[in-house]
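Presented below is the structure to which this report refers.
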Amino acid sequence: MSFVKIIKKDFKTNKNFISRLFLLIVRLERVKLISKLVLPFRLLIINFIFNSEIPKSVFLGSGVRVPHPYNIIIHGGANIGNNVTIYQGVTLGSNEFLDNNCAPQICDYVVIGANSVIIGPVTIGRNSIISACSLVSKDISENAFFKKNEYNNNFSVEEYIESR
């Protein structure tokens, strides 16, 4: 998918100006020709205003939704799939005591609730929901709902969305 199409999809997915600005800067930083020009804006806006860290090495799929882009910390080795929603205060980190390449892998259509922490070499399966304030340190299968101490791997995201 071309850069312009990814930006258009991000703008369609994120309705407010703050989310669009956040993702635009994150995306522009990955363009080699202008990444050095974008660096001061990233430092000022992403790091200081939003208090977030998303290194250039993070793979960021298209259609990522960030409704409130504050206090989001993502490890440089993380992979984030398409159409993933990340709320404020989320940390995707690694357990560097084990290995430096232990970052989470987030598949497509995942929702990560506010103030959740996903740590270590875990994979969050497609169509899964991680509820707010959750600590995830084990793999989550597809179509699963994870809420603190509860884990349901026969969860239908479509039914959940329709019931809201």
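What you are looking at is a predicted structure, and each value in this text was computed from that prediction instead of being measured.
In plain terms, the two heavy atoms of S116 and S131 that are nearest each other are OG-O, 2.8 Å. Contact record, P67 with Y87: CG-CE2, 3.5 Å, taken as the closest heavy-atom pair. Nearest heavy atoms, V122 versus I119: CG1-O, 3.8 Å. For the residue pair N82 and G61, the shortest heavy atom distance occurs at OD1-CA, 3.3 Å. Looking at every heavy atom in both residues, G81 comes nearest to V64 through O-CG2, 4.0 Å.
A donor-acceptor pair under 3.5 Å is absent between the side-chain atoms of R30 and the main chain of S57, judged by distance alone. The backbone N or O of N71 sits less than 3.5 Å from a side-chain atom of S52, completing a donor-acceptor pair.
Residues L23 and I25 are not in side-chain contact: their nearest non-hydrogen atoms beyond the backbone lie 4.5 Å or more apart.
Rounded to the nearest 0.5 Å, atoms CG (L135) and OG1 (T91) are 10.5 Å apart. If you take CD1 on I54 and NE2 on H75, they are separated by 14.0 Å, rounding to the nearest 0.5 Å. For the atom pair CD1 (I129) and OH (Y109), the distance works out to 14.0 Å, reported to the nearest 0.5 Å. Rounding to the nearest 0.5 angstrom, the gap separating the OG1 atom in T85 from the CD1 atom in I112 is 9.0 Å. Rounded to the nearest 0.5 Å, atoms SG (C107) and CD1 (I140) are 11.5 Å apart. To the nearest 0.5 Å, the span separating CD1 on I80 from CD1 on I124 amounts to 11.5 Å.
Salt-bridge check for R27 with D10: passed, with a basic side-chain N closer than 4.0 Å to an acidic carboxylate O. We find that E29 and R42 are joined by a salt bridge, their nearest charged nitrogen and carboxylate oxygen being less than 4.0 Å apart.
The 12-atom threshold is exceeded at CZ of F11, counting heavy atoms of other residues, nucleotides or ligands nearer than 6.0 Å. The 12-atom threshold is not exceeded at CD of E53, counting heavy atoms of other residues, nucleotides or ligands nearer than 6.0 Å. Within a 6.0 Å radius of NZ in K12, no more than 12 heavy atoms belonging to other residues, nucleotides or ligands are found.
Of the N and O atoms on the side chains of N127 and E142, not one donor lies less than 3.5 Å from an acceptor on the other residue.
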